[in-house]
*Asks:* 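For reference, the structure I am asking about is given below.
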2 protein chains.
Amino acid sequence: MRPMPPTATMSPPENAESRAGGPAFSPLYQQIKALITRSLQSGEWRPGEAIPSEMELAVRYKVSQGTVRKAIDELATENLLVRRQGKGTYVATHAEEQIQYRFLRLQPNDPAVTHQLQRRFVDCRRQRASAEIARLLDMKTGEAAVQIRRLLLFQGTPVVFDDIWLPGRDFKGLTAERLAGYRGPLYGLFETEFGVRMIRAEEKLRAVGADAATAQWLSVPPGSPLLSVERLSFTYGDKPVEVRRGLYSTASHHYRNELS
Amino acid sequence: MRPMPPTATMSPPENAESRAGGPAFSPLYQQIKALITRSLQSGEWRPGEAIPSEMELAVRYKVSQGTVRKAIDELATENLLVRRQGKGTYVATHAEEQIQYRFLRLQPNDPAVTHQLQRRFVDCRRQRASAEIARLLDMKTGEAAVQIRRLLLFQGTPVVFDDIWLPGRDFKGLTAERLAGYRGPLYGLFETEFGVRMIRAEEKLRAVGADAATAQWLSVPPGSPLLSVERLSFTYGDKPVEVRRGLYSTASHHYRNELS
DNA sequence: GAGTGGTCTAGACCACACT
DNA sequence: GTGTGGTCTAGACCACTCC
């Protein structure tokens, strides 16, 4: 990192790319952003904690406050950081979310209904990754994986059946007891207990007919239309760390999305 | 609008809120943003055209370039404007979209398949708005509305059946002939021919069973699971101007979504 | 009052597109 | 070369939070 001197006649920024002779140009604030992201990834600043103030970071990286600011701005819009005026900038966390389940887009059709949600774990066991799971999670077929199946209930009515797959190497010691004992969202547990923070996900939605087993879990007739939601979640560095297939009963709920 | 003078001892911005005695504080750039939005809405700058340069706008609104910049930044992230380095800032348009159908999230399961899309209009007629349509479009039950039904085909296979409702007052003269003769996305036609630009939409997704008529249109067995996509689209000022219910056949396609 | 993020300005220079 | 958006700096003041 080489900041511009405070004179009128600046020398070129000499960012990493230009030094390496590469053709790409990377603005200073992008480099700062990368450095901050690295510190987040390394755990220098943990989820829920405050990071140093903009001024402190400006001194540390030898750039102006405005440049740090622009880097933080982008990280905040990507939901990696949370700004709180007058207090500081904090590392985002799934563990203390009041509006729990940030990634769950399911809503009751009747907005008056209180959004009360229960969980019921069906099972949690270590398995060998199938070819497809392995491909998605960037591992080898047959490698150790953890499978979790669970039910989500709104007001006592089962609405979602989730089938979740995690790489075994990142989730050693994840057991049914551990799951049952934890309060709060699953991603909070992953973050707190295993240091794996979900920052982004891709979903593929389809309509499917309920198979016999799922029909039973969701208390619907076999063959009923269900919303299939295949999610691939990523942590820092766009590393895939979770595959999840949810089957949603959409009789009294719907999946909400915003387009722009 | 009262800009700060270029002196060190500034007088307060005296924005609209503080003058009115209201407790709310609105930054200058938000006010600029509102002024630019008003010009977009009034048609002073039309879709596809360039708006004045940042410097020109700064002079016009008597603020610094940086303040105009921040206003434009937000409008660009909201997809109302498009910045093109070295050329200017342009009003976003649906009419010249290469990646047509910006709001359509449907993708082939097999990414290798070329994304070739056909349209077939089923009908287009003037109707009285039902209570539900009227409620959604902010009109009175029984008021004039336009109903369009159409089919989307990927590689000759029907995949989407759309049932579209528009307020009659905003779409006088919209006929089947007009639809059939237009090349490009529907929203391009709305924008070019009727001055109605869609800027945002909300969608509710559910899984449903195909009714007899829809099953026929989509060449699937009756009762087949279909993805129901209810869309409410908005123009400037969050005014609702389109209700659309799409039924998607998700055998070889899926609805793609990104979470963060 | 001290400290933090948020806004605003002014000015310089860089990257890019057109002519 | 000229004009556009894009980056970077420096400094001032405002709004908010906590002591």
Side-chain angles (χ1 to χ4, degrees), chain A residues 1-18 22-33 36 49-59 61-77 81-91, chain B residues 1-18 22-33 36 49-59 61-77 81-91:
Chain A
M1 194 59 45
R2 271 273 279 100
M4 303 193 182
T7 64
T9 57
M10 303 180 187
S11 54
E14 291 188 35
N15 55 60
E17 285 67 22
S18 61
F25 163 75
S26 170
L28 242 191
Y29 76 86
Q30 288 286 3
Q31 302 175 43
I32 305 299
K33 190 179 161 188
I36 295 175
E49 290 180 3
I51 71 171
S53 75
E54 293 179 353
M55 273 309 297
E56 285 176 291
L57 290 174
V59 170
Y61 298 131
K62 297 195 178 61
V63 298
S64 78
Q65 190 201 5
T67 300
V68 170
R69 187 168 186 74
K70 184 146 187 181
I72 292 179
D73 275 346
E74 291 205 353
L75 291 168
T77 54
L81 295 176
V82 178
R83 318 192 74 140
R84 293 186 194 140
Q85 181 170 131
K87 299 184 68 176
T89 302
Y90 293 77
V91 183
Chain B
M1 194 60 44
R2 274 272 278 96
M4 304 192 180
T7 64
T9 58
M10 301 177 185
S11 54
E14 289 188 34
N15 54 61
E17 284 69 20
S18 62
F25 163 74
S26 170
L28 241 191
Y29 76 87
Q30 289 286 3
Q31 303 176 42
I32 304 299
K33 190 180 160 186
I36 294 175
E49 289 179 3
I51 70 171
S53 74
E54 294 179 353
M55 274 309 298
E56 287 176 290
L57 290 175
V59 171
Y61 298 131
K62 297 196 180 61
V63 298
S64 79
Q65 189 200 4
T67 300
V68 170
R69 187 167 188 74
K70 184 147 187 180
I72 292 179
D73 275 346
E74 291 205 354
L75 291 168
T77 55
L81 296 176
V82 178
R83 319 192 74 138
R84 291 185 195 139
Q85 180 171 128
K87 299 183 69 175
T89 302
Y90 294 78
V91 183

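Note on naming: letters A, B, ... go to the chains in the order of the sequence lines (proteins, then strands), and numbering restarts at 1 for each one.
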*Asks:* Nearest nucleotide by nearest heavy atom, which residue falls closer to the 5' end of DNA chain D, Q65(A) or R83(B)?
*Replies:*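 Nearest-nucleotide comparison on DNA chain D picks R83(B).
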*Asks:* Quick one: pull up OG in S53(A) and CD in Q65(A) and give me the separation to the nearest 0.5 Å.
*Replies:*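 Answer for the OG-CD pair, S53(A) versus Q65(A), is 8.0 Å.
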*Asks:* Got a sec, which residues hit side chain to side chain contact (heavy atoms under 4.5 Å, CB included) with V59(A), two or more places apart in sequence or on another chain?
*Replies:*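 Per chain and number, V59(A) pairs via side chain to side chain contact (heavy atoms under 4.5 Å, CB included) with no residue.
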*Asks:* Measure from CG on L28(B) to C1' on dT9(C) and round the result to the nearest Å.
*Replies:*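 My rounded result for the distance is 11 Å.
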*Asks:* From CZ of R69(A) over to P of dT7(D), roughly how many Å is that when rounded to an integer?
*Replies:*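 Atom CZ in R69(A) sits about 16 Å away from atom P in dT7(D).
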*Asks:* Send over the distance from E56(B) CD to dT4(D) C1', rounded to a whole Å.
*Replies:*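 To the nearest whole Å, that distance equals 10 Å.
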*Asks:* Of the listed nucleotides (dT9(C), dC8(C), dC8(D)), which one gets closest to any side-chain atom of P27(A)?
*Replies:*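 The closest nucleotide is dC8(D).
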*Asks:* Which nucleotide in the list dT9(D), dT4(C), dC8(C) gets nearest to the side chain of S53(A)?
*Replies:*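 Among dT9(D), dT4(C), dC8(C), the one nearest the side chain of S53(A) is dT4(C).
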*Asks:* Decide side chain to side chain contact (heavy atoms under 4.5 Å, CB included) for V82(A) and T89(A); before the verdict, give the C-alpha distance in whole Å, the side-chain angles of both, and the deciding distance to 0.1 Å.
*Replies:* CA-CA 6 Å; V82(A) 178; T89(A) 302; over 6 Å; no
*Asks:* State which residues pass side chain to side chain donor-acceptor pair (under 3.5 Å) with K33(B); sequence neighbours excluded, sorted by chain then number.
*Replies:*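 K33(B): side chain to side chain donor-acceptor pair (under 3.5 Å) contacts with E74(B), E78(B).
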*Asks:* Checking contacts here: which listed nucleotide (dG6(C), dA15(D), dC8(C)) is nearest the side-chain heavy atoms of F25(B)?
*Replies:*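 It is dA15(D).
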*Asks:* What is the distance, rounded to the nearest whole Å, between atom CD1 of I32(A) and atom P of dT7(D)?
*Replies:*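 Spelled out: CD1 on I32(A) to P on dT7(D) is 14 Å.
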*Asks:* By salt bridge (Lys or Arg N to Asp or Glu O under 4.0 Å), which residues pair with R83(A), not counting sequence neighbours?
*Replies:*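 Testing R83(A) for salt bridge (Lys or Arg N to Asp or Glu O under 4.0 Å), a comparison that skips the adjacent residues, returns E54(A), D73(A).
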*Asks:* Counting only non-hydrogen atoms, which of residues 84-91 of chain A are less than 4.0 Å from DNA chain C?
*Replies:*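 Here the set is R84(A), Q85(A), G86(A), K87(A), G88(A), T89(A).
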*Asks:* Could you say whether P52(B) or Y29(A) is positioned toward the 5' end of DNA chain D, judged by the nucleotide with the nearest heavy atom to each?
*Replies:*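 The residue closer to the strand's 5' end, by nearest nucleotide, is P52(B).
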*Asks:* Whole-Å distance between dC8(C) P and E74(B) CD?
*Replies:*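 Nearest whole value for this atom pair: 11 Å.
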*Asks:* Between I36(B) and A71(B), what is the shortest heavy-atom contact and its length?
*Replies:*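 Closest pair (atom of I36(B), atom of A71(B), distance): CD1-CB, 4.4 Å.
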*Asks:* To the nearest Å, give me how far apart CG (L57(A)) and C1' (dG5(C)) are.
*Replies:*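 For the pair L57(A) CG and dG5(C) C1', the rounded distance is 12 Å.
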*Asks:* Return one dot-bracket line describing DNA chain C 5' to 3' (Watson-Crick or G-U wobble pairs, both distances under 3.5 Å; ( ) same strand, [ ] crossing, | another strand, . none).
*Replies:* ||||||||||||||||||.
*Asks:* Just wondering, do I51(B) and I72(B) contact through their side chains at under 4.5 Å, heavy atoms?
*Replies:*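 Side chain of I72(B) against side chain of I51(B), heavy atoms only: contact under 4.5 Å found.
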*Asks:* Kindly say whether S26(A) contributes a backbone atom to a donor-acceptor pair with the side chain of Q31(A) at under 3.5 angstrom?
*Replies:*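 Answer holds: yes.
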*Asks:* What residues form a side chain to side chain donor-acceptor pair (under 3.5 Å) with R84(A), not counting sequence neighbours?
*Replies:*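 R84(A) satisfies side chain to side chain donor-acceptor pair (under 3.5 Å) with no residue once adjacent residues are dropped.
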*Asks:* Check the distance between dT7(D)'s C1' and K70(B)'s NZ and give it to me in whole angstrom.
*Replies:*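 So the two atoms are 16 Å apart, to the nearest Å.
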*Asks:* To the nearest angstrom, how far is I51(B) atom CD1 from dG5(D) atom C1'?
*Replies:*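 Interatomic distance, CD1 of I51(B) to C1' of dG5(D): 11 Å.
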